[in-house]
Amino acid sequence: MNTKFLPTLLATCIFASSQTIAESQEDEDLFELSLEELISMEIPDVTSVSRKKQRLMDSAAAIYVITNEDLRRSGVTSIPEALRMVPGMQVAKLNANTWSISTRGFNYIFANKLLVLIDGRTVYSPLFSGVNWDVQDTMMEDIDRIEVIRGPGAALWGANAVNGVINIITKKAADTQGNLLSAGAGTQEKAFAAYRHGGEFGETGFYRVYVKAFERDGQVDSEGKETSDDWNMRRTGFKSEWQTTADSEMTVQGDLYEGTTRPPLRLLDQSQPMDPQIANGFIVEGLSRDQRGGNLGAYWKRTLSETHDYSFRAIYDNYQNFDYRIAEKRDTVDFEFQHYYQFWGNHDLVWGLGYRSTWYEVENTPYMFLLEGEDSKHTELFSAFIQDDITLNEQWTFTLSSRFEHNSFTGYEVQPNARLTWRPTENRTFWTALSRAVKTPSISETALQTDGITIDDTTDRNFVIPIMGNPDLKSEKLTALEVGYREQFSNSFRLDITAFYNQYEDIIAYVGTNVCPDGSSSLRACQISGAVNIPTTLDNGLNTKTYGLEAVADWQAKDWWKLQFTYSWLQVDAWPNQEKTSFLARNEKIVEDLSAPHMANIRSTMNLPNQWYFDFWVRYMDDMKNAVVGANTSLDMRVAKKFGDGLEFSVVGQNLFRNHHREFYEPLSGMAPTETQESWYAQIRWQF
Amino acid sequence: MPMPIKMIQSNISLLLLTASLSGMFFTSTVKAGTPEDKVKTAIVYKITKFVSWPKKKQSLTLCIIGEGSINSELIKINRKNSMGRRLSVTHKDLNAPVDKLCDILYIHSIDQTSSAKVTNSLKGKPILTISDNRSFAEQGGLIGLARKGKKINFTINQSSVDASGLKISSQLKGLAKVIE
């Protein structure tokens, strides 16, 4: 490529996915390879954009794929940390086990506009439509890839896929045969170990089982003193697949887990004297939050031909959380049918039906309770989707899709989407998409009362803000316009840029009310001494507009040296859609100041002689005004040495050359922030 | 919400209308092959180098049965040389007399019954049948390609090969799963 062009590109920080390298390989002359090489070649694919396998280069969406190699080479030890690689994805730690993860704005620990799936299983909590990231895990070595779509994916994946879809896909059991042992220890990663065994059964069957456990240290407070937010989990699981008939395959998988996190909370215990609580900033440490759960899923797929298949999925999921503030138990069953068929040669039709039922039980506490004295809830979701992918000619593809849902909160919702792809040459793609998506209200927003959890002491007074759910809430609605450009310049450079403009209506905000948590009506403040108590409820009070740019560049600088640059820019403008109150003005400011306007990443992976590997990762995050966190840069590093095919030693340093720093804070969350420290760990990985 | 059922109906009919209109206006186009197609094609080409036919051949005709993106890849091995024999690639209809026209037959994207019919009719004839249909070799075809996870591997049916009179080198068998 033009060498003058390159530095300009790098300087403007514009950038691509690591899939590139795999993709450029496919353009090499495969006929030159030996048969042995051909049958051992790995074929890349993505599925999240269109629910069928397609080339990453051709997808009409802002998709980024974290590969298994990315996970290994970056040294990340959890799924949330891995998501930091994705351009435009804001990942910020509130404490050792709580993250705020979002894309395209609304960065918050209860961020609720992302849909997260693990092998097709929805993992968001209907309590707050967000994700309990601290229990979403599996063996990192078994993750095949994490496909992340920024922007709405609601037409195919359903409500709440408003600002993005994260699809975590684990390897097939056939690809994880033999034994793998992975273990390590370090300063923050105090101890961790995972073991997996894969084998065969019957004529066509493969299976694997795994066990995993870890213990992570807590972070520190702003003075550098240890806090009690440590985190430990144990989990086990399996995956198996076999052919039920010549043309159909069955996959059955499941997991069981249990563990404890100790998020430092900010709580006002109204039965205790006020003064000591004010003195220590309402922080309560060491309360354990035990969680356990399990899931079992079966997936059956019949492949009639390359262009005709159908599948059925059934999933049961159980989750139990014994939190000091509210104990919850949840059972979910989920069924999904999908049919893919190509007709007239140029129509790729995918349609499907889904049903989900959730039984939800809570143990009310003075801090949080379901309104109207209930202690359980049952919600149902019926859905149907259809997509037609029309190949107009060799260069143009047009996709029309829509999802139709009926949910227990707002009734019917329609979420259509149209996408157009233009591929003037094999290596250049332009795409645009117009979508509508909704975020349906959650249980916490419609039926829950909190008290003593939301404490604001940013001024010299202490405000306690009880929040009461509102059963009349409407859905938040998004209309999104996206344009994208992708180009493979040569085998060594690839560019992927997306620009978006989003318009949200009826964003939920908290507004004043005159009903106290105990149900008494009071036009004056509710009874409480030593703090100002301002009861609030929720309303669809804000409209918001966001726009921005996300870019990825992959550069294979040398055969042995790969670099990736990502950059993202985000602007948020919110305004009340009704008479402006001081509450709405405050909400407006929070929404606008939640996210960092600029973010950038540089990731480098080097394959050195004698099976040595050296990798580093630099992250930049701009100001987050609401969290009062200034612009900052972090560095991770990894050195590894391999012996033969099966044995690898590595040392990883994270957040290097910074003592400790705050990544995120949000006073309304009810959690006290802790600070991330510099840390090291050593790991051994043995495949046998 | 006003008349949601009506809204859904009008949405669906609009979608179907647009879909069928565009179907009328735009005829079927050739799709570029996926990475999987490319690898399968390369494997098919390599396999031909390990097979000898009872009669000495100057050229080998590779016939394709079935529609799909792999066709545009298979066409790329047209005129390529395989152990001194020139390959020619053509597409054939399901009912064509493939036993007279072809030395190699690549079958894909057709249903199991039709596929079985073709392999049965070619039983004992010196025609190398290859397919990525499920269980192709198990059901009497000569060589079956299958995607296992991210990789493509292949299966050889030894008794079908013996009956056909073709010779497959042991080197190839070493890389394949061989069944009787």
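Each chain gets a letter, A, B and so on, in the order the sequences are listed, and its residues count up from 1.
- The choice from Ala42(B), Ser135(B), Gly66(B) that makes the most heavy-atom pairs within less than 4.5 Å of chain A is Ala42(B).
- With a 4.5 Å cut-off on non-hydrogen atoms, Phe136(B) does not touch chain A at all.
- Judged as a side-chain hydrogen bond (donor to acceptor under 3.5 Å, both in side chains), and not counting sequence neighbours, Gln415(A) has no contacts.
- With a threshold of 4.5 angstrom between heavy atoms, Glu241(A) does not approach chain B through any atom at all.
- Annotation: residues 157-180 of chain B contacts chain A through Leu172(B), Leu175(B) [non-hydrogen atoms, separation under 4.5 Å].
- Taking CD from Glu138(B) and CD from Gln243(A), the interatomic distance works out to 8.0 Å, rounded to the nearest 0.5 Å.
- Considering CG of Asp132(B) and OG1 of Thr303(A), their distance stands at 11.0 Å, rounded to 0.5 Å.
- The OG1 atom of Thr204(A) lies 9.5 Å from the CZ atom of Arg134(B); values are rounded to the nearest 0.5 Å.
- One finds the CG atom of Leu304(A) at 10.5 Å from the CG atom of Asn133(B) (value rounded to the nearest 0.5 Å).
- Proximity to chain B (any heavy atom under 4.5 Å) is restricted, for Asp175(A), to the side chain, taken from C-beta onward.
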